[in-house]
Each structure stands twice: as structure tokens, then as C-alpha cells.
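All remarks here apply to the structure that follows.
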Amino acid sequence: MVLVYIDQADQQIKKASLEAISYGASLAKQLGCAAEAILFGNVNESLADLGKYGAQKVHQLKNEILNSLDVKVHSTLIANAAKNLNATVVVFAHNINGKALAPAVAVKLNAGIVTGACSLPSTQNGFEVRKTVFSGKAFAQVNIQTSIKVIAINQNSFGIVEFNSEASVEAISLPIPAASIKITKVEKMEGDIPLTEANLVVSGGRGLKGPENWGILLDLAKALGAATACSRPVSDADWRPHHEHVGQTGIQIAPNLYVAIGISGAIQHLAGVNRSKTIVVINKDPEAPFFKAADYGVVGDAFEVVPKLTAAILKAKAAN
Ligand SMILES: Cc1cc2nc3c(=O)[nH]c(=O)nc-3n(C[C@H](O)[C@H](O)[C@H](O)COP(=O)(O)OP(=O)(O)OC[C@H]3O[C@@H](n4cnc5c(N)ncnc54)[C@H](O)[C@@H]3O)c2cc1C
């Protein structure tokens with residue numbers, strides 16, 4: 001059986017988990033076994049609907065202390081559930097929670113692990129999983145040798161597959177270990193779309209010259225309903241908050257659309273955004289390295305191009 005961990009925040013299932021279920025269900029089909037999912041805490045969504053993405057059964061451990069992630073507690077519960085349910089593969093999304101949980105679960109199960117997987121395993125020669133390495137610049141084939149395997153799948157690398165069935169939902173009973181941390185305060189940013197969850201991201205670099213010019217970028221982001229990001233020198237100079245910094249040393253994202261405005265496309269920046277589905281680059285220098293990674297590029301002055309793009313988007317929206 002393939003067991004998929006479902007990640008939630010604020011009682012909403014994260015989009016990355018739907019992809020992880022689709023991956024787990026496709027893998028289960030390949031292996032000729034069932035795909036089941038496990039979720040902790042309470043969510044405001046129908047768990048039976050997870051059948052749409054291929055889960056045949058959803059095991060839920062409802063307890064509000066499990067609504068927030070405690071890696072020690074959650075990894076122990078997932079490993080114990082995997083043992084009780086005889087799971088042979090445990091799948092995670094390679095997002096912020098999956099990156100913390102997957103290795104801890106692998107240790108507890110004595111399982112071989114591949115993080116950052118980007119396709120279904122080949123089972124012709126053992127169990128070989130393709131993963132990205134060197135910040136997405138290369139691929140490695142990793143053969144997992146253990147009987148239980150743990151895989152964390154890169155966001156946007158497999159896609160969401162519709163299976164159009166309904167999952168049965170069952171309460172799972174497991175002893176909950178003592179908490180290792182206590183969350184004393186949560187401060188949420190208001191209004192912002194969280195970068196890691198955003199489908200659309202508009203990002204700015206040093207080409208925008210200064211924080212006073214960010215209005216054109218914010219207008220475009222608002223027109224698109226996009227989250228905002230920036231290059232490292234921009235956050236280092238305090239033009240934008242540090243939580244917007246994307247790249248090798250910042251947040252790594254994989255939205256459907258990444259619009260890069262006045263960003264050169266240095267390798268360290270690309271390391272955080274090159275898994276985006278569609279990349280649009282606006283840069284006045286036709287030799288800017290970012291154009292090599294772009295799906296669409298506009299060679300032009302951001303101060304002329306961006307307001308025109310925003311006006312065109314608003315016009316198209318008004319017409320629909
Ligand atoms: C160890 C290490 C880690 C790093 N980690 C990161 C990281 O995580 N993220 C990151 O972003 N960087 C990172 N960097 C820095 C990285 O190497 C680059 O220096 C940085 O990404 C450049 O930022 P930028 O593209 O905004 O600025 P610049 O390199 O200055 O590029 C500005 C771009 O704007 C264009 N431009 C100028 N005026 C206009 C205009 N009017 N209209 C349109 N385009 C215009 C220019 O042609 C140029 O391409 C790291 C560096 C190191 C050494």
C-alpha cells in the first residue's frame with residue numbers, strides 16, 4: 001500500500017498535497033496496490049473528495065493539538081500508521097513540512113528516502129527514482145534498496161491527476177506522543193498571499209531602482225491576484241521584506257506563473273524559481289541570463305512595459 005501524508009494549514013488542505021496524492025495513486029496503480037492517505041487535525045473540507053485525486057481511503061486522526069506541525073509528534077504518528085497499515089511506500093510533498101517530516105519518518109521506518117523526486121519510479125531495475133540535484137541544474141537516478149521507501153515529490157513536477165472517485169474516510173486511533181514544542185504565539189501577515197502556496201508570483205529585482213518604484217509591480221500583482229517576491233539584493237537593501245526573498249538562500253517556489261521584472265537571472269536566483277511552470281521575464285538587457293530560462297520574454301524598460309501589461313490584464317478581465 002502507498003500511504004500519502006496530507007498537509008494542512010489553517011484547516012485547509014495544501015495544494016501540494018493534492019499533487020502528492022495524485023503521485024501516490026499513480027504509483028499505487030503502477031505497483032498494483034491501494035493508495036491511502038493520512039491526515040492529522042481538523043479540516044474544513046470534505047475528505048471523501050480526496051478520492052478525486054486517487055486516494056481510496058483517508059485515515060484521519062482528529063485532535064486539535066495536531067493542527068500545528070510538531071515534527072517529532074507527527075513523524076512518530078506517520079511512521080506508526082505506516083507500520084500498522086503495512087505501507088511499502090510513504091509519499092510526502094517536498095514542501096516546507098514535507099522537507100521536515102520525510103527524513104524523520106524514513107529514520108523511524110529504517111527506509112531509504114528520495115527527496116525532491118520529479119517522476120514516478122522505474123521498477124524495471126529495482127526501484128529507481130529520478131530527482132533534481134544542484135538546485136535543479138541536473139538530475140540523479142537513485143535506487144532505493146530498502147523494503148519500505150519514502151519519497152518527497154517536488155511541487156509542480158508531477159501535476160494533479162483527476163481519478164474521479166470517492167474516498168472512504170476512517171478515524172485512525174494511535175497514541176499521541178508528548179509534544180516536543182509549544183506554539184505560544186502565531187502572528188499572521190494580513191492580505192498577503194503566502195509565497196509558497198501561490199499559483200502566480202510577480203517578482204522584482206534591482207532593475208526597479210528603489211522601493212519607491214514598487215507600485216508598478218504591486219499593481220500588476222493585484223491585477224493578476226499574484227503573490228510578490230524579490231531578488232536577494234532587494235531584500236538585503238530593505239526595499240522589500242526578507243520573507244519575499246526567493247532563490248538559493250531564500251524561499252524556493254514552484255508557481256504556475258513567475259513574472260521576473262528587472263532581475264538578471266543569476267544562478268542563485270534561478271535555483272529558487274526554476275521549477276515554475278511558466279516563466280515570464282521583463283528586462284531591458286537582451287543578454288540578461290534570465291531569458292535563457294524564460295518561456296516568454298519582453299526586452300524593454302520595466303517602467304514602460306509593466307504598466308501597459310497591467311492595463312491590458314485589467315482590460316481583458318473587464319471584458320470577461
Ligand atoms: C552564495 C550566494 C547566494 C545567493 N543567493 C541568492 C538568492 O537566494 N536569491 C537571489 O536573488 N540572489 C542570490 N544571490 C545573489 C545573486 O548572485 C545575484 O547577485 C542577484 O540575484 C542579482 O539580483 P538582481 O537580478 O535583482 O540584480 P542585478 O544583477 O543588478 O540585475 C538587475 C537586472 O535588471 C535589469 N534592468 C535594469 N534596469 C531595468 C529596467 N528599467 N527595466 C528592465 N530591466 C532592467 C538589468 O538588465 C539586470 O539584468 C546569491 C549570491 C551568492 C554569492
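Both ligands and their constituent atoms are indexed starting at 1 by order of listing.
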State whether the number of non-hydrogen atoms from other residues, nucleotides or ligands found under 6.0 Å of Ile96 atom CD1 is greater than 12.
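Check fails, neighbour count at 12 or below.
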Other residues, nucleotides and ligands only: do more than 12 of their heavy atoms fall within 6.0 Å of NZ on Lys29?
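No, because the 6.0 Å sphere around NZ of Lys29 holds 12 heavy atoms or fewer from other groups.
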Take Thr146 and Asn110 through the test side-chain contact (heavy atoms from CB on, under 4.5 Å) and record every step on the way to the result.
CA-CA 8 Å; Thr146 50; Asn110 211 5; 6.0 Å; no
Just by distance, do the side chain of Glu19 and the backbone of Asn156 share a donor-acceptor pair under 3.5 Å?
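Yes: the side chain of Glu19 pairs with the backbone of Asn156.
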Would the distance check show the side chain of Asn143 and the main-chain N or O of Asn125 forming a donor-acceptor pair, the cut-off being under 3.5 Å?
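Answer holds: yes.
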Looking at Lys15 and Glu197, does any basic side-chain N land under 4.0 Å from a carboxylate oxygen?
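A salt bridge is absent here (no side-chain N lies under 4.0 Å from a carboxylate O).
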Near ligand 1, which residues have a heavy atom under 4.0 Å away from one of its atoms?
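Correct list: Gly205, Arg206, Gly207, Lys209, Ser231, Arg232, Pro233, His245, Val246, Gly247, Gln248, Thr249, Gly250, Gly262, Ile263, Ser264, Ala266, Gln268, His269, Asn283, Lys284, Asp285, Gly300, Asp301, Ala302, Phe303.
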